[in-house]
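Only a predicted model underlies this, so the values are computations on that prediction, with no experimental measurement involved. Lettering of chains follows the sequences in order, A, B, ..., and the numbering in each one begins at 1.
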Number of protein chains: 2
Amino acid sequence: MTKKRITLADIAKKTNLSSITISRAFSYPDKVNPETLEIVLKAAAELNYIPNRAARSLKSHQSKIIGIVNPNMSNPFFGQITREMVMKCQEQGYDVLMFDSYELAEFETKAIQNLIEFSVDGIILSTISSDVDYQPTYFDSLKNSDIPVVLLDREIEGDHAGVYIDNLDSAYQIGQYIAKRHAKTQRIDIIGASAISMVSNNRIAGFRAALYDYDIAVHHADFEMQLAYEKAKSLLDEDSYNRVFVGLNNQITLGIIKAIIENGLKPQIDVVVYSIDDVPYSDVFGINIPCMTHNLSEMAFQAVNMIIRLINGEQLNDSKVIIRGILNTPKSGLV
Amino acid sequence: MTKKRITLADIAKKTNLSSITISRAFSYPDKVNPETLEIVLKAAAELNYIPNRAARSLKSHQSKIIGIVNPNMSNPFFGQITREMVMKCQEQGYDVLMFDSYELAEFETKAIQNLIEFSVDGIILSTISSDVDYQPTYFDSLKNSDIPVVLLDREIEGDHAGVYIDNLDSAYQIGQYIAKRHAKTQRIDIIGASAISMVSNNRIAGFRAALYDYDIAVHHADFEMQLAYEKAKSLLDEDSYNRVFVGLNNQITLGIIKAIIENGLKPQIDVVVYSIDDVPYSDVFGINIPCMTHNLSEMAFQAVNMIIRLINGEQLNDSKVIIRGILNTPKSGLV
DNA sequence: CTGAAAGCGCTAACAA
DNA sequence: TTGTTAGCGCTTTCAG
């Protein structure tokens, strides 16, 4: 016995109206007589009506859905920004389909494919990579399906609308702060992502600009914890005296901290650490990391705003929004 | 100019077949002549065909989608288990629609509503609360729509299929471990969730059973960090001498650790801490917390397996799976 | 193995 | 303000 779902027709029958009126009551309530509207809503509630999204988007060719794809929801940077975006989409009358690509190209592609199949109205995408040679194949399908995309945080080659961090400036800001606190003789180890990551390289360039006459060593890992940990560990094994580390995102910095502590050293006392992005849970464990933070709420706002404008067919002349970072240094004088 | 999407009919035209054959080529490839199949697939690839999910589920009344709803994707417990479930669903030919309820009843309800509207085939749900009086209203709609539900981790009143932790046993196991390490004169402070949380109360009962002749104080917060932090802080402000804390989930334990460190004390040296669930990032920051862990991969497997059996109409006589916890104590003798 | 006809539930475009 | 008609793209009959 398969229960049949309540449809518009059922409400129509019950109210002696036609189903189009019922449809309008939900989609364009102001195009319906208030009294009629009330009758319809009441009947719908009694029957426990639930609209059928498939039917709706099949016909109307717009789903009122925005897709969000992230490389890693467990990273608080993406976790929080996604949460904000979800809220803002809801406020604008859009539902969200959220996919985690788990830093895997295969999952990212599948997620996009899924979103196209669902006929989403637009997609906010943070790719798994910002490498200059990362050229996902799905942009063709997206263009064919006429689905606008806004890139978030991770920039890739090509003409894409996007909301980004001012990577160069962020690194420059904290670079200047570092310059004030460390002598030029002191070596600084920067751990970043791949050597061709645009995000990573912009940050490195910012540091070099601020610390042009310092002894800087750049090491390449990726934007996750493990490789950075291994890198930092081998550096510390060589020599831990008077080291200064910079992690180019929160996961990298976590890896550095892990290596420091495993080597029996105290962060910010034996070895000084700086970061781009807040370091998750560092407050819980009582370690102050001077870092560049970014207004995630603002980024979320801009991304949602941009995708909705694109959905509405607006031609955005300036299709990049750059969010400037904020230097966040501990109140206490630990560093 | 709205681009029209490629449809089955387009492929049909190109291949001089009927659209039903094209349909079968995708849905039931073995019901189609291998040669025909190849022709169809080739044409589809050339045209860049993307199936329309709306049309498919409108007609077939099955979507091949499983919905997952979590209270907090940033909590590694749910983050990891969800990741595993996503993988396993894919393997079984199901796509996943994932919603984060952000510990808000409003979002949880909205998520379920959405999933019903999408005609998902089944839902794996971890509710925002395990309070005995938490009775979400959406179970009626779910029943009406004939969508099976498997609860995960957070148990609520009613006849629901589910995959749970053996909360009582987990607490009992670590309680016994604690008993071995602390004299009966030593006071033990347990911080749990609400006084009517079934999960929390089962854990408390387990502790009481193992530590029946100890001086136990139970404090109620919730399964998030902030309240636990405040509670622990006020206890430490009173008296920090020789305290032993137990956090009833990972977020609570994080709150306890934060309070300890803020009060200038060293976890596991000045104040001893035990936990149910792994404590995220504690390894990074070099703090060993003896805890009960659970085989998340197994939980994910069981949940996915159960929902698929329910989708397939199997009558599950034993609709609860209980996963036993594993005691995880540090190798080093810190505690 | 392949096809023809019908219809899933909803909503444009028109008409009244 | 409300109703009629038609059809979105796919898949379920039932034939061939």
Side-chain angles (χ1 to χ4, degrees), chain A residues 2-41 43-44 47-65 116-121 144-146, chain B residues 2-41 43-44 47-65 116-121 144-146:
Chain A
T2 312
K3 285 162 200 153
K4 59 145 219 315
R5 241 162 76 165
I6 304 296
T7 72
L8 288 189
D10 295 317
I11 304 179
K13 203 173 299 167
K14 187 181 167 98
T15 56
N16 282 321
L17 291 159
S18 73
S19 41
I20 181 63
T21 302
I22 318 293
S23 168
R24 276 195 277 256
F26 290 106
S27 298
Y28 309 98
D30 37 314
K31 285 192 185 300
V32 140
N33 186 319
E35 288 166 27
T36 315
L37 181 62
E38 203 179 335
I39 294 170
V40 172
L41 262 27
L47 291 174
N48 222 316
Y49 169 68
I50 293 191
N52 184 326
R53 261 220 158 70
R56 182 194 297 224
S57 73
L58 178 58
K59 180 67 199 180
S60 70
H61 260 275
Q62 59 147 0
S63 53
K64 279 286 174 184
I65 298 170
I116 300 178
E117 292 182 11
F118 279 116
S119 313
V120 298
D121 295 336
N144 284 336
S145 312
D146 230 18
Chain B
T2 312
K3 285 161 200 152
K4 58 148 219 314
R5 242 162 77 164
I6 304 297
T7 71
L8 288 188
D10 295 318
I11 305 178
K13 201 175 299 168
K14 187 181 167 98
T15 56
N16 282 322
L17 290 158
S18 72
S19 43
I20 179 60
T21 303
I22 317 294
S23 167
R24 273 195 279 254
F26 290 106
S27 298
Y28 309 98
D30 38 312
K31 284 194 185 301
V32 141
N33 187 318
E35 288 167 26
T36 316
L37 182 62
E38 202 178 336
I39 294 170
V40 172
L41 261 27
L47 291 175
N48 221 315
Y49 170 68
I50 293 190
N52 184 325
R53 261 220 159 73
R56 182 193 301 224
S57 74
L58 178 58
K59 183 66 198 181
S60 70
H61 261 275
Q62 59 146 1
S63 54
K64 279 287 176 185
I65 297 170
I116 300 177
E117 292 183 11
F118 279 115
S119 313
V120 296
D121 295 336
N144 284 336
S145 311
D146 230 17

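- Straight-line distance from the CD atom of Glu117(A) to the P atom of dC8(D): 20 Å, rounded to whole Å.
- Between Arg5(A) and Asn144(B) the shortest side-chain heavy-atom distance does not fall below 4.5 Å.
- Within the 4.5 Å cutoff, the side chain of Ile22(B) has heavy atoms near those of the Leu17(B) side chain.
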Exercise. Which parts of nucleotides 3-16 of chain C does protein reach within less than 4.0 Å, heavy atoms only, written one letter per nucleotide 5' to 3' as B for base, S for sugar-phosphate only and - for none?
Worked result: BB--BBBBBB----
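- In terms of modelled atom types and a separation under 3.5 Å, the side chain of Arg56(B) and the main chain of Gln62(B) share no donor-acceptor contact.
- In this entry the distance linking CD1 of Ile39(B) with P of dC1(C) reads 14 Å, nearest Å.
- Between Leu8(B) and Phe26(B) there is a side-chain heavy-atom pair separated by less than 4.5 Å.
- Side-chain atoms of Arg24(A) and Ile20(A), non-hydrogen and from C-beta on, do get closer than 4.5 Å to each other.
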